[in-house]
Each structure stands twice: as structure tokens, then as C-alpha cells.
Amino acid sequence: MAHTCIHWFRKGLRLHDNPALLAALRDCKVLYPLFIVDPDCTYGGNNRKRFLLGALKDLDCSLRKLNSRLFVVTGKPEEVFPKLFKEWNVTKLTYEYDTEPYSLNRDSKVTALAKEHGVEVFYKVSHTLYDMDRIIEENNGKTPLTYKSFQGIVKRLGPPKKPIPAPVLGDMKDVKTPCSEKHDEKYGIPTLEDVGVDDTSLSEELFPGGEQEALRRLDEHMSRTGWVCNFEKPQTSPNSLSPSTTVLSPYVAFGCLSARTFWWRLSDVYRGKKHSDPPVSLHGQLLWREFFYTASVGIPNFNKMVGNHVCTQVDWDTNAEYLAAWREARTGFPFIDAIMTQLRREGWIHHLARHAVACFLTRGDLWISWEEGQKVFEDYLLDHDWALNAGNWQWLSASTFFHQFYRVYSPVAFGKKTDKRGDYIKKYLPVLKKFPEQYIYEPWKAPLSVQRAAGCIVGQDYPRPIVEHEVISKTNIQRMKQAYAKSSQNKSESPIKKTASSESPVKNKGVKRKMTSIADMLVKKKSKGEVS
DNA sequence: CTAGATGTTGCAAGA
DNA sequence: CTCTTGCAACATCTA
């Protein structure tokens, strides 16, 4: 059977370990590699858009080497596809499975349209190490809520699948991509300007998008054998002047780098050597990703507090002033403001730096909902990932997964552990550059003479702290205590209404797997047996 | 059922 | 400088 096939790139912006693409090549004579610029997707802020366009350019470049091209079309997928199905006489559509609610909904619509047009749909799980549904199934339909239990499940499932190689010219000998003279005009990759980005507002591109860049960086890191084997996440620094971790996360988030490729390359490095283990190792980091992905599939309303059964309900304040000060790096706490500056400028901050600012925004100081922080990170983080962002915000706000709310990060003390001199602060907040070490984390404590000598008066040139951390963090711990007390009271008074099972609803806080989604019902049947 | 250990990454003070 | 301890104190898992 020789199909005319569209391979739809969404995430998974790569040729290596792309089983749906390879499946398309196996039985088609005509291939259209497609990316749709979907107006319903924001693609985040300017840095994320630049990364995406870079990844698309790289993809097009790699496809050219296979005598093919990338077709970029703007519009809602459910409007784009019917036109393309007809225009190109399409008989098959392939894509990588995506578990985000928006994607599931979109894909179910597109699948229905494909059916109407007699187009066969085929997809594969390759964004994650495992099929999330399989993990939940292995756990008797319950979503694991601790890393330990998750590890146990994964151990029973065995190591993830090995990645498959990228297609080579030989795979293309019976496949053509019809390209007109006007390809660039009609289907070219949009410019930054096209997607509404003023490129003069962007700073230096530290992490260029694309599969080639991803694989180059992977090679670079994997050659540091000792470093990889000894890697322990909590020992890495949130405020080093250059990243203390791999920063491969943006590449994994966009699918420029396959998680399975990353996993097995790590296994190669580990082989025969003593090495660190999950949760702190690099393998452990990939498993954290799987953990949050699984939770995002199993827990309804995962990116919200209300309607999220595992999330502690907290009476967060609405405070536009505080939120803006946090987002715009003017809280008056240099460590917090430096981190937020790095985030906005460069699109990446260290995991522990995320902890510091997330705790500060929510349970630690400002008492603002983690959902607000989630939105800001969605805009700024190059490695933004729906499931990980929601999961980590719940963790840091001590709403879900993590419960030791009395452990509060200090916006002053935490950074000192790894950067006593405040070099990181001085890099991102040059206005404080001349402050002596003694006051760099709390410039408001410096005598006026010292402030004058540093050429920076607190209250004029740099903001005064918006809260008194020592006081407010103690108040907030009490507020958290109340929220916890209230939520455990609610749980014992009104047990969750799915009492069909014999388990106690209090103990069995882990949600039962939600009903099979519409997308599953429509799509999943087709590739049963292909997926796991 | 209870008691104790554990949980990727807290802080401050003191030995 | 590294390690321990008290601080106030959560849910979850295991014995």
C-alpha cells in the first residue's frame, strides 16, 4: 500500500527516535512533513518562539538532506487539515502521541475529520520513556503520587524502549515530497517578525533550538564521564555563573532530543562504572519527568487547584502588585530578582532557583496562587512543559506531592550557600554591583553611607523588600497549617464519591484513572499493540 | 491498629 | 569548614 502521508510535527521536532515518522516512510510514496502554527497555542514568550523557529529551521534543513522539506501552515488544525487532505489527496496521517488535554482534544477533532476524509490515522508514543496509560494500568489504575511508588512501577516494567535511528536517504528511495518553486513563499518557516516578536528586544541566544544542536550538546555532556556518573541534582548550584546542569531540558521539552535517546546514552556512560542513582542521578531526572507526566494524565484538572482532588485547597490572595513585582524582578530581594531577571532574559534558570522563586511567590512570602506562577513560567521558560510546570508548582507550593510546608526557603540565606560573594546577583542586577559582600543579599540593611558609596540607594535605585520575610513566612506556615487541617477535615467528612471500591477514600487519596478520553476512544483503538 | 522511618534540594545556631 | 541539633511538624509507607 503506497500512501500519500502527512507527518504532523507538534512536539517531537526531530528525525531521530521518531517512530511515527519512520512508520510513515515505510508505506508511503508521497510524504508531506507538516508543522501547523496554531493560533490557539501561544508558544509562550519571545524566547520560546525563537527557540521554536530555530527548531523548525533545523528540521527543514535535515529534511532537505533527505530530499524532502518541511511545510509550515498557519491556522487552526481542524480548519487546515480538511483543505490539505483534499489538496494533497492525503490517505494517511501520522504523529507523535501527546498527553496534554489541549492536544488530546485537538487530536480527537482532527482524527474525526480524517475519518470523514478517508484518511488513516497512526500515532506512536515517543515523547516520554513510557506510555503513561501503561504505568497507571500497571499500578492497578491508580496514579502514583510518590516518586518511590513510581520507581517501583517502572522497575516492574523494565527499562524504556531503545530509540530508533533517524531515517537516512535509503529510507527515502521510494518516497517523494512534492515541492513547488513557491515552497518558501507558501510553506516557509515564519520569521520572528511574522510571529510578532521584536527581535531587538531579545538578548543573546544561549540555547539555540533544534535537533542538531540538541545532539551536539548531548554528545558534549556525555563525554564528561565522571561528571555524569557522579551527578547528584541537589548538589548542583542554582546560582553559578554558567549552568551547573545540562540544560538539555528545552530540547527534551520540544522533542528536539528524545528522552529515550538521552536515557540510553546515560546507560552507555554508566555501564560498568559506579554511578549515582534516582532520584538524584540524571536517569532520576528523566524519571521525574515521567512521574509528572503520569500524574498529569491520571489527575483531572492537573493545572488547577479547584477540581484537582489531590491538591490542597489554599486561600491564596489576589495581589496584582506583588505578582507584578515578582514577575518583573522588583521584589527588593536581590536573590529573587536576579533569578527572575535570568529567567526573563535567558529563558532558563536552575531547578533550585525555581524552588526559591516559587516558594517565595506562594507559601513562603507573597501568598499568591501557584497557578499565577505557572502562567509566568509558561511564558518565560524555554523548557516549559505543561505537565512538569503544573506538577512542580504544586510541589513547591506544598499543595500536592510535597507536604513539609514548614520548610521554607529564605530569599536571603538560600543563595549564600553556593554563592557567598553574590557574583550571580551582580551579574543579573548590575545596579547592586558595588555593594560589599556583607550586604549583597540584603542591601536594605546597608548604612546609607555604604549605599551612597555603592552608587545605589535602596528605595530609589533598587526597591526596598516588599515583605518582611522573617515575619510573613511564619504567618504563612500557620496559614498552610490551617489549609491542611481544613482539607483533611473535608476528606473525612465527605468521602470522595466513587465509593464503588472497597478502599478507604482517605487513605486512597490517589485518584482512580479517569474515564478513557474521547481521543483515546477515537484514536487509540487503531494502533492498539503498536503503542506500548 | 500504632509507631517509627522516610521524603531529590530549609534555616539557624552551635560544636 | 563540616557536621549535628532544635525548630515545628506534613503525608505516606513499612514493620
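Per chain, numbering begins at 1; letters A, B, ... match sequence-line order.
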Asks: Once you round it to whole Å, what is the distance between P of C/dT12 and CD of A/Gln404?
Replies: 12 Å

Asks: How is A/Val280 classified with respect to the nucleic acid when contacts are heavy atoms under 4.0 Å: base, sugar-phosphate, or nothing?
Replies: base

Asks: Measure the distance from CZ on A/Phe402 to C1' on C/dC10 and round it to the nearest whole Å.
Replies: 9 Å

Asks: Which helical stems does DNA chain B take part in, if a stem means at least 3 consecutive Watson-Crick or G-U pairs with both distances below 3.5 Å?
Replies: B:2-7 with C:10-15, B:10-15 with C:2-7

Asks: Classify the side-chain pair A/Trp393/A/Asn389 by whether it contains a donor and acceptor separated by less than 3.5 Å.
Replies: yes

Asks: Is the count of non-hydrogen atoms from other residues, nucleotides or ligands lying under 6.0 Å from A/Lys474 atom NZ greater than 12?
Replies: no

Asks: If you look at every strand shown and take non-hydrogen atoms under 4.0 Å, does A/Phe414 touch a base, only sugar-phosphate, or nothing?
Replies: sugar-phosphate

Asks: Can you tell me how far P of B/dT9 sits from NE2 of A/His403, to the nearest Å?
Replies: 13 Å

Asks: Taking atom types as modelled and ignoring hydrogens, do the side chains of A/Arg260 and A/His16 form a donor-acceptor contact shorter than 3.5 angstrom?
Replies: no

Asks: Counting any heavy atom closer than 4.0 Å, what does A/Gln151 reach on the DNA or RNA strands: base, sugar-phosphate only, or nothing?
Replies: nothing

Asks: How close or far is atom C1' of B/dT8 from atom CG of A/Asn230, stated in whole angstroms?
Replies: 17 Å

Asks: Do A/Asp131 and A/Tyr97 have side-chain atoms, one donor and one acceptor, less than 3.5 Å apart?
Replies: no

Asks: What is the distance, to the nearest angstrom, from the CZ atom on A/Phe405 to the C1' atom on B/dG10?
Replies: 14 Å

Asks: Should the heavy atoms of other residues, nucleotides or ligands under 6.0 Å from CZ of A/Arg224 be counted, would the total exceed 12?
Replies: yes

Asks: Any idea which of C/dA9, C/dA11, B/dA12 is nearest the A/Ala413 side chain?
Replies: B/dA12

Asks: Ignoring hydrogens and angles, state whether a donor on the side chain of A/Asp365 or A/Tyr322 is under 3.5 Å from an acceptor on the partner side chain.
Replies: no

Asks: Which of parallel (below 30°), tilted (30 to 60°) and perpendicular (above 60°) describes A/Phe333 and A/His469?
Replies: perpendicular

Asks: With rounding to whole Å, what would you report as the distance between B/dA3 and C/dA8 at their P atoms?
Replies: 22 Å

Asks: OP1 or OP2 of B/dC11 less than 4.0 angstrom from a side-chain nitrogen or oxygen of A/Lys417, does that happen here?
Replies: yes

Asks: Can you tell me if A/Gln285 touches the phosphate of B/dT9, counting only side-chain N or O atoms and a distance under 4.0 Å to OP1 or OP2?
Replies: no

Asks: Do A/Tyr484 and C/dC10 have a side chain to base donor-acceptor pair shorter than 3.5 Å?
Replies: no

Asks: Find the distance A/Lys416:NZ to B/dA13:P and express it as a whole number of Å.
Replies: 11 Å

Asks: Of the options C/dC10, B/dT8, C/dC13, whose atoms approach the side-chain atoms of A/Pro279 most closely?
Replies: B/dT8

Asks: What integer number of Å spans the P atoms of B/dC11 and C/dA11?
Replies: 22 Å

Asks: Does C/dA9 have OP1 or OP2 sitting under 4.0 Å from an N or O in the side chain of A/Lys481?
Replies: yes

Asks: Find the distance A/Leu145:CG to C/dC10:C1' and express it as a whole number of Å.
Replies: 15 Å

Asks: Assess, by modelled atom type and distance only, whether the side chains of A/Lys233 and A/Gln285 contain a donor and an acceptor separated by less than 3.5 Å.
Replies: yes

Asks: What do the steps show when you test A/Glu232 against A/Ser276 for side chain to side chain donor-acceptor pair (under 3.5 Å), and what is the final call?
Replies: CA-CA 7 Å; A/Glu232 292 190 4; A/Ser276 56; 5.5 Å; no

Asks: Side chain of A/Thr146 only, please: which of B/dG10, C/dA8, C/dT12 is the nearest?
Replies: C/dT12

Asks: Verify the contact: side-chain N or O of A/Lys148 to OP1 or OP2 of B/dG7, cut-off strictly under 4.0 Å; return yes or no.
Replies: yes

Asks: Without decimals, in angstroms, what is the distance between A/Trp395 CH2 and C/dC10 P?
Replies: 18 Å

Asks: Expressed in whole Å, how much space separates the P atoms belonging to C/dC7 and B/dT8?
Replies: 26 Å

Asks: According to a cutoff of under 5.5 Å between the ring centres and under 30° between the ring planes, does A/Tyr147 stack with the base of B/dT8?
Replies: no

Asks: Taking only the C1' atom of each, what is the distance from B/dT6 to C/dA9 in whole angstrom?
Replies: 14 Å

